[in-house]
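The next block holds one structure in the form of structure tokens; read it before the comments.
Reckoned from all heavy atoms, side chains included, excluding hydrogens, waters and symmetry mates.
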Amino acid sequence: QVQLVESGGGLVQAGGSLRLSCAASGRTFSSYNMGWFRQAPGKEREFVAAIRWSAGFTYYADSVKGRFTISRDNAKNTVYLQMDRLKPEDTVVYYCAAGKGFVSPSSERLYASWGQGTQVPVSS
């Protein structure tokens, strides 16, 4: 497993942009599928975006498609989530996750390692 630490959260106005980063420990980062999930108070955690370890295939939830972009830099052991045109409903805690296997990238079952989460408050 890898250790994950998210950063980049902070207050942003609706319509603005923010980039989250997730730094991973270990020398095998490039072999992991990486995902971003989010959770609002009182709600279940939901899938946001994912990027496969090979060929960099990306996947997005419909709610963020066209606004968010996931990318990875294997040389820096880091995955990013660029969030543009933010909405007040995007105000949740965002979690980074890492996993191996062939389960759907939108499923939490793919991911064995999780970060501690970072808050993204969006003001209207």
Side-chain angles (χ1 to χ4, degrees):
Q1 294 188 359
V2 294
Q3 303 298 317
L4 304 171
V5 178
E6 300 100 336
S7 61
L11 182 63
V12 62
Q13 288 189 334
S17 298
L18 200 64
R19 189 177 79 161
L20 302 182
S21 299
C22 174
S25 65
R27 296 178 293 176
T28 60
F29 173 77
S30 61
S31 66
Y32 280 86
N33 303 300
M34 301 299 297
W36 287 96
F37 289 74
R38 65 185 185 183
Q39 187 172 25
K43 294 188 177 181
E44 293 187 356
R45 190 158 55 190
E46 65 174 5
F47 169 74
V48 176
I51 184 167
R52 285 290 192 188
W53 71 274
S54 64
F57 290 113
T58 57
Y59 309 84
Y60 297 94
D62 288 342
S63 58
V64 306
K65 197 172 295 182
R67 299 189 298 123
F68 290 12
T69 303
I70 188 172
S71 62
R72 65 190 300 161
D73 186 338
N74 290 336
K76 295 183 178 179
N77 279 15
T78 300
V79 63
Y80 304 98
L81 185 67
Q82 176 67 41
M83 304 184 293
D84 299 318
R85 303 199 306 276
L86 282 161
K87 303 176 181 179
E89 54 264 40
D90 294 322
T91 296
V92 292
V93 177
Y94 286 77
Y95 296 90
C96 174
K100 294 183 177 183
F102 299 96
V103 178
S104 168
S106 64
S107 171
E108 292 193 24
R109 294 188 295 114
L110 176 61
Y111 305 98
S113 300
W114 293 82
Q116 81 288 353
T118 186
Q119 178 76 39
V120 177
V122 179
S123 63
S124 57

Requested in this report: Check whether the ring centres of Phe37 and Tyr111 lie less than 6.0 Å apart, and answer yes or no.
Outcome: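 Here the rings of Tyr111 and Phe37 have centres that are less than 6.0 Å from each other.
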Just wondering, more than 12 heavy atoms not from [X] lying within 6.0 Å of its [atom1]?
| X | atom1 | value |
| --- | --- | --- |
| Gln3 | CD | no |
| Gln13 | CD | no |
| Gln116 | CD | yes |

Query raised in the report: Taking it one step at a time, do Trp36 and Phe68 satisfy side chain to side chain contact (heavy atoms under 4.5 Å, CB included)?
Result: CA-CA 11 Å; Trp36 287 96; Phe68 290 12; over 6 Å; no
Determine whether [X] and [Y] fall in the same hydrophobic cluster, where Ile, Leu, Val, Met, Phe, Trp and Tyr are linked whenever their side-chain heavy atoms lie under 4.5 Å apart.
| X | Y | result |
| --- | --- | --- |
| Tyr59 | Val103 | yes |
| Leu18 | Tyr94 | yes |
| Leu110 | Phe29 | no |
| Leu81 | Val120 | yes |

Query - Gap separating the CE atom of Met34 from the CG atom of Asn77, nearest 0.5 angstrom - result: 9.0 Å
Query raised in the report: At what distance, to the nearest 0.5 angstrom, does CD of Gln1 lie from OG of Ser25?
Result: 10.0 Å
Query raised in the report: Can Met83 and Arg67 be said to form a side chain to side chain contact (heavy atoms under 4.5 Å, CB included), step by step?
Result: CA-CA 6 Å; Met83 304 184 293; Arg67 299 189 298 123; over 6 Å; no
Nearest heavy-atom pair of [X] and [Y]: which atoms, and what distance?
| X | Y | result |
| --- | --- | --- |
| Ser113 | Leu4 | O-CD1, 3.5 Å |
| Ala40 | Val92 | CB-CG1, 3.4 Å |
| Val2 | Ala98 | CG2-CB, 3.6 Å |
| Arg52 | Pro105 | NH2-CD, 3.5 Å |
| Thr78 | Lys76 | OG1-O, 2.8 Å |

Query raised in the report: Within the side chain of Glu6, is there an N or O that forms a donor-acceptor pair under 3.5 Å with the backbone of Cys96?
Result: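 Flag set: sc Glu6 to bb Cys96 pair under 3.5 Å.
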Quick one: does [X]'s side chain get under 4.5 Å of [Y]'s, heavy atoms only?
| X | Y | value |
| --- | --- | --- |
| Ser31 | Lys100 | yes |
| Ile70 | Tyr60 | yes |
| Arg45 | Trp114 | yes |
| Val64 | Arg38 | yes |

Query raised in the report: Does the ring of Tyr80 carry Arg19 above it, NZ/CZ under 6.0 angstrom from centre and within 45° of its axis?
Result: yes
**Report entry** Test: Arg72 cationic atom under 6.0 Å from Tyr32 six-membered ring centre, within 45° of axis
**Finding:**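 The answer is no, since Arg72 fails at least one limit relative to Tyr32.
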Requested in this report: Determine, for Lys87 against Asp90, whether the closest basic-nitrogen to carboxylate-oxygen distance falls under 4.0 angstrom.
Outcome: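 The answer is no: the pair does not qualify as a salt bridge.
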Query raised in the report: For Thr91 and Gln119, what are the C-alpha separation, side-chain angles and deciding distance, and is it a side chain to side chain contact (heavy atoms under 4.5 Å, CB included)?
Result: CA-CA 8 Å; Thr91 296; Gln119 178 76 39; 4.0 Å; yes
